[in-house]
2 protein chains.
Amino acid sequence: GSSGSESSKDSSRCSTPVLDAERHERLREKMRRRQDSGDRWFSLEFFPPRTANAAVNLISRFDRMGAGGPLFIDVTWHPAGDPGSDKETSSMIIANTAVNYCGLETILHMTCCNQTKDDITGHLQKAKRLGLKNIMALRGDPAGEEWEEEVDGFNYAVDLVKHIRNEFDDYFDICVAGYPKGHPEAESYEADLKHLKEKVLAGADFIITQLFFRSETFLKFMKDCQAIGITCPIIPGIFPIQGYHSLRQLVKLSKLEVPQEIKDVIEPIKDNDAAIRNYGIELAVSMCRELLDSGVVHGLHFYTLNREVATTEVLKRLGLWKEDPRRPLPWAVSAHPKRRVEDVRPIFWASRPKSYIYRTQEWDDFPNGRWGNSSSPAFGELKDYYLFYLKSKSPREELLKMWGEELTGEESVFEVFTCYITGEPNKNGHKVTCMPWNDDPLATETNLLKEQLEKVNRRGILTINSQPNINGKPSTDPIVGWGPSGGYVFQKAYLEFFTSSEIVTALLKVLKKYESRVNYHIVNVKGQNITNAPDLQPNAVTWGIFPGREIIQPTVVDPVSFLSWKDEAFALWIEQWAKLYEEESPSRMIIQYIHDNYYLVNLVDNDFPLENCLWQVVDDTFELLNSPAQNQQEAVKRLATQ
Amino acid sequence: GSSGSESSKDSSRCSTPVLDAERHERLREKMRRRQDSGDRWFSLEFFPPRTANAAVNLISRFDRMGAGGPLFIDVTWHPAGDPGSDKETSSMIIANTAVNYCGLETILHMTCCNQTKDDITGHLQKAKRLGLKNIMALRGDPAGEEWEEEVDGFNYAVDLVKHIRNEFDDYFDICVAGYPKGHPEAESYEADLKHLKEKVLAGADFIITQLFFRSETFLKFMKDCQAIGITCPIIPGIFPIQGYHSLRQLVKLSKLEVPQEIKDVIEPIKDNDAAIRNYGIELAVSMCRELLDSGVVHGLHFYTLNREVATTEVLKRLGLWKEDPRRPLPWAVSAHPKRRVEDVRPIFWASRPKSYIYRTQEWDDFPNGRWGNSSSPAFGELKDYYLFYLKSKSPREELLKMWGEELTGEESVFEVFTCYITGEPNKNGHKVTCMPWNDDPLATETNLLKEQLEKVNRRGILTINSQPNINGKPSTDPIVGWGPSGGYVFQKAYLEFFTSSEIVTALLKVLKKYESRVNYHIVNVKGQNITNAPDLQPNAVTWGIFPGREIIQPTVVDPVSFLSWKDEAFALWIEQWAKLYEEESPSRMIIQYIHDNYYLVNLVDNDFPLENCLWQVVDDTFELLNSPAQNQQEAVKRLATQ
């Protein structure tokens with residue numbers, strides 16, 4: 001650290017503690033800061049998928065590859081795929097999903113040829129509205145064989161760059177393409193460099209290059225760019241060879257020539273996919289090492305072809321893949337600029353962050369500091385449970401195997417919940433890896449509670465969300481830590497479950513004994529609501545104390561939003577589970593019965609420094625239920641005075 | 001507790017956690033809630049003082065008697081004393097001080113006869129502007145012997161009540177006077193009751209009665225009021241007899257007759273003040289007991305005559321004096337309605353809360369939740385250090401005895417600081433019970449640090465503010481607790497001191513070793529400012545976690561407001577200390593030297609769960625200073641790598 005810095009009285013004040021500086025920077029600032037600090041980075045290019053199912057898969061690939069820490073991803077513009085539309089496979093919607101639902105800094109490609117100014121402006125306005133902040137400005141391929149300039153239209157990428165700056169001022173960060181071997185249609189390499197400089201002068205912030213096969217190609221290109229006065233960042237585009245056919249196709253499209261030494265290796269093994277991929281990985285790693293060792297390259301851009309293995313492997317070997325277990329906040333942040341200050345959410349959507357983002361997408365302000373300040377607490381309705389980014393990754397047949405082809409009673413539902421908790425296969429030998437309320441296996445943190453959760457689920461306390469109490473663990477703790485290092489994180493124990501009205505009746509009697517310690521909200525599908533929360537105030541259940549900062553309390557139990565969550569949580573029984581079965585079938589009726597008659601309960605143990613009492617609450621409830629009817633009155637009394 | 005309450009989706013949300021419901025209620029609601037819950041309460045009446053010195057004393061009496069927990073105090077209207085003016089002895093300014101600086105719910109009396117509507121409206125507007133919320137509407141005594149009704153003026157208190165309701169709608173809570181024996185000028189007891197009912201119908205919220213000598217008098221009056229349909233609270237006015245002459249004078253003014261049985265006791269002991277006071281206390285206690293035992297009296301109003309002993313004694317014997325060591329927040333709250341949501345302040349003014357309130361009185365919004373949200377961080381300048389409510393309670397001669405008739409060097413200043421910390425008399429045998437930065441003896445909490453503070457002050461680390469680290473003590477802890485019960489409070493260790501530039505130089509070297517753990521701000525009178533605070537963000541140093549609520553962080557170290565505090569802290573050297581001495585005198589020059597050359601330093605140890613490292617920082621600094629010059633370089637190295 002430095003010994004201190006001079007600061008003046010006039011310095012502006014932040015309205016919310018800056019936990020993660022990158023969250024407040026635009027892409028070009030992030031790039032600059034990484035370069036200044038000597039941190040090396042990478043980025044990933046994807047193209048929009050052809051089918052809705054492929055879109056679901058791509059989104060989970062975003063989540064997985066996002067975990068490696070790309071500085072940004074980019075999504076290509078697919079003119080034939082209605083790229084600016086609202087289709088789930090459009091470039092626009094894929095980029096929107098990456099930004100808003102996966103929290104990734106994203107560049108949307110956009111091509112301009114064969115499009116009117118109004119079309120382009122419309123696309124850009126839509127992109128801005130969706131929270132996209134970066135555009136890769138490209139000419140695109142002309143429609144016909146022979147291309148003719150349009151007098152009033154967009155003929156070159158530079159026209160698009162100018163248009164963006166004219167119409168949107170400095171709102172977007174603009175990226176343009178560089179051609180290390182010159183654009184195939186350019187008169188000459190030198191003429192192409194001049195075109196590139198024009199694009200930069202028109203307002204481009206940085207350059208990503210077309211793929212190339214030798215590090216010298218890029219390093220020469222970079223030197224030539226600098227020689228004619230291009231000073232913005234130039235990022236080499238890396239294409240790990242992943243197969244014989246994809247290489248041939250790409251070479252054809254890009255009109256590049258594969259160097260003889262590469263051809264010599266590939267041709268003999270062209271039918272051995274694994275061998276070619278391994279070779280491609282070796283080749284990419286060694287070229288990337290040369291680039292990084294040159295000292296002038298700070299970031300690498302990967303053409304993934306929407307595949308994971310090769311790129312991830314190259315990044316891991318280069319030491320650039322940074323699966324940082326630390327989280328800036330306990331929940332996944334969104335990259336929409338509107339949500340930059342957001343730092344508190346209700347705990348209910350902990351396993352459904354995309355649904356939370358969807359239901360709050362119309363908010364103009366997001367709560368920060370404390371939930372109570374939210375000026376706009378109305379949640380959007382979640383009617384379409386099949387939105388592709390909210391949909392289960394598993395197909396119907398798989399869900400049936402996990403959740404039961406045929407249910408025989410409420411107990412078979414208990415069994416599904418129990419198998420999800422334990423990770424053991426169900427009686428048909430299938431593991432239950434997701435639930436309607438949670439598309440992923442049990443979180444590491446929840447694993448801390450596994451034993452107790454198993455016990456209570458077996459008995460009909462159907463848990464869907466929980467967290468252990470934490471009394472000041474380091475913010476770098478691999479399981480419960482979040483935020484910058486040097487801090488301490490805290491949690492109140494939380495337990496949320498569905499359960500029968502019989503159990504609720506006993507539970508309410510038991511809760512009297514814990515009145516001052518445990519806050520509860522108990523609600524059924526009709527909205528009948530029982531709570532002891534004071535004045536409907538939110539209860540902070542996760543908070544962190546950091547050096548030199550105000551306190552961050554990123555999750556709360558909010559009585560008002562619990563009622564919005566309740567609608568969603570109950571609907572998931574029907575939308576995701578009951579509808580797997582035939583109408584009027586016994587299985588469907590069992591789920592429908594639970595939906596209609598069970599209660600959704602949440603419990604918070606306010607005494608976070610003591611041992612979590614919520615398991616005792618549940619034990620007491622079962623004790624009360626198991627005492628013979630004539631003894632129940634006494635059991636109530638005894639429990640109430642313990 | 002109750003088993004739970006139904007709550008609806010539409011319930012409004014609070015923007016800030018309600019820690020102390022009373023802070024958000026108006027007086028009539030507080031009164032109603034106390035009555036509903038069966039809590040008994042008291043209130044205290046004072047009159048404005050005649051001199052500025054008496055005003056200083058009255059304000060400290062407010063602080064002391066405020067600690068007993070009155071529901072409100074009231075300040076009489078003194079027509080001869082320019083009651084609506086800005087004089088420090090005016091009724092208006094005394095009431096203003098009680099509300100804003102002592103945090104007391106206050107009723108300002110106002111009389112209307114011999115005043116124009118415009119006068120009255122002006123007074124009321126001013127009262128509202130100052131944050132006064134309650135008016136006792138009275139007729140007042142006519143100027144001449146024989147009183148004549150004015151056609152267009154205010155002739156009766158009821159005119160004033162109507163006027164307040166007409167002009168200020170429901171803004172004020174209005175109190176009126178009741179006469180248990182009938183008003184001396186009324187035609188009859190019955191006619192007077194009718195006048196009282198008119199006042200209530202015109203908009204009065206409650207009634208305080210004139211004094212009386214027998215509980216039956218009040219209970220009959222109350223019954224008679226109820227019989228004619230007066231349903232608002234009626235509060236008995238209690239006058240503990242405190243001396244023969246004050247009794248005679250009051251009886252004369254109020255035209256009341258002292259019952260024979262009281263005269264019989266008093267006359268024989270009329271020259272024995274103590275005996276009369278003791279009798280008065282006995283009498284008041286037994287009458288109050290009768291009133292409370294009647295079951296219809298919930299609160300008692302005391303005519304204090306600006307004296308403390310008798311009223312306090314009566315209240316203690318009745319069990320109504322509630323010196324509740326619990327604090328709603330770690331600092332004294334103000335009762336101005338604008339400040340209702342205020343729940344975070346910079347720690348710097350911890351010992352000068354009245355100055356903080358003064359310097360922020362023009363703010364329209366007060367930070368709540370977090371300091372960073374403050375939209376108006378500009379502090380008013382503190383030019384007049386002799387404002388009566390900021391002034392030291394001790395006269396000049398006493399200050400000189402404490403702080404030194406003659407200073408011989410910086411060391412004699414160190415000695416003053418040390419004596420203040422230890423509580424030991426100085427070499428002339430005088431205890432140092434206040435300092436320019438702190439008008440009261442060392443706080444109980446600071447006492448926890450006494451031993452270390454003594455050690456460092458002796459060596460020229462002149463501490464003016466500090467707190468120990470606290471890692472989750474119960475909110476009911478008698479020393480560091482605050483807020484409702486059932487919570488946990490936390491603190492980061494804090495140390496603030498003046499010290500020489502020599503020590504600062506060494507300290508800065510030492511602080512490198514603590515860079516990630518200790519935040520510091522070091523500033524001199526010219527504003528040269530050295531800090532390692534990230535992005536000028538505030539650092540929360542006191543916070544509390546409560547059942548069912550968001551997190552409260554009532555004190556912060558804010559880099560920006562530290563610079564405003566700095567101006568005040570340095571000025572106090574001159575205004576309160578240097579100016580005790582002749583111009584050009586050596587003593588004055590010593591203080592001036594310190595003012596001109598010392599630095600103001602604050603240190604925060606962010607690792608609150610570990611042992612406070614700030615003492616180690618100071619020890620390391622002295623170790624560095626004490627190592628011989630040739631060894632200093634090595635000492636620096638050694639310390640930096642420990």
Side-chain angles (χ1 to χ4, degrees), chain A residues 1-9 11-18 369-374 377 471-472 486 488 490 492 508 511-512 515-517 519-520 522 527 529-540 543 545-551 553 556 559-560 563 604 606-609, chain B residues 1-9 11-18 369-374 377 471-472 486 488 490 508 511-512 515-517 519-520 522 527-540 543 545-551 553 556 559-560 563 604 606-609:
Chain A
S2 66
S3 71
S5 61
E6 298 283 320
S7 59
S8 96
K9 201 169 176 171
S11 298
S12 69
R13 299 151 61 86
C14 315
S15 75
T16 193
V18 178
R370 46 177 60 176
W371 178 259
N373 280 335
S374 162
N471 186 17
Y488 296 92
F490 292 79
K492 291 181 181 176
L508 275 169
L511 281 169
K512 283 189 187 161
E515 184 67 22
S516 56
R517 180 164 176 183
N519 279 118
Y520 55 85
I522 302 176
N529 187 22
I530 311 164
T531 178
N532 68 342
D535 313 320
L536 290 185
Q537 290 191 53
N539 191 351
W543 62 99
I545 316 296
F546 298 95
R549 287 187 170 81
E550 294 194 79
I551 289 155
Q553 49 160 39
V556 295
V560 179
L563 298 180
V604 176
N606 287 300
D607 274 335
F608 62 95
Chain B
S2 66
S3 70
S5 61
E6 298 283 321
S7 60
S8 96
K9 200 168 177 173
S11 299
S12 69
R13 299 152 61 87
C14 315
S15 73
T16 193
V18 177
R370 45 179 59 176
W371 178 259
N373 280 336
S374 162
N471 187 16
Y488 297 91
F490 293 79
L508 275 169
L511 280 170
K512 283 189 188 163
E515 184 68 23
S516 57
R517 179 163 175 182
N519 279 118
Y520 54 86
I522 302 176
Q528 195 196 338
N529 187 22
I530 310 164
T531 177
N532 69 342
D535 313 319
L536 290 186
Q537 292 190 52
N539 191 352
W543 63 98
I545 316 297
F546 299 95
R549 286 185 170 82
E550 294 195 80
I551 288 155
Q553 49 159 38
V556 295
V560 179
L563 297 180
V604 176
N606 287 299
D607 274 336
F608 62 95

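Chain naming here is simple, since letters A, B, ... match the order of the sequence lines and numbering starts at 1 in each. Small disclaimer: the values here were computed from a predicted structure and weren't measured.
With sequence neighbours excluded, the residues forming a side chain to side chain contact (heavy atoms under 4.5 Å, CB included) with B/N471 are B/F490, B/F608, B/P609, listed by chain and number.
Contact detail for B/Y488 and A/D607: the closest heavy-atom pair is OH-OD1, 2.7 Å.
With a threshold of 4.5 angstrom between heavy atoms, B/I522 does not approach chain A through any atom at all. Heavy atoms closer than 4.5 Å to chain B are found in the side chain of A/N519, but not in its backbone. Of the two parts of B/V604, neither the backbone nor the side chain holds a non-hydrogen atom closer than 4.5 Å to a non-hydrogen atom of chain A.
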Apply the test side chain to side chain donor-acceptor pair (under 3.5 Å) to residues B/E550 and A/Q553: give CA-CA distance (whole Å), side-chain angles for both, the deciding distance (0.1 Å), then the verdict.
CA-CA 8 Å; B/E550 294 195 80; A/Q553 49 160 39; 2.5 Å; yes
Start with the C-alpha distance between B/N606 and A/R549, add both sets of side-chain angles, then the distance that settles side-chain contact (heavy atoms from CB on, under 4.5 Å), and finish with yes or no.
CA-CA 9 Å; B/N606 287 299; A/R549 287 187 170 81; over 6 Å; no
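Under the 3.5 Å distance criterion, the side-chain polar atoms of B/N539 are left unmatched by any main-chain donor or acceptor of A/P547.
Note that CZ of A/R370 is 9.0 Å distant from CD1 of B/I551, once rounded to the nearest 0.5 Å.
Ranking B/G486, B/A540, B/P559, B/G472 against chain A, the residue ahead of the rest is B/A540, based on heavy-atom pairs under 4.5 Å.
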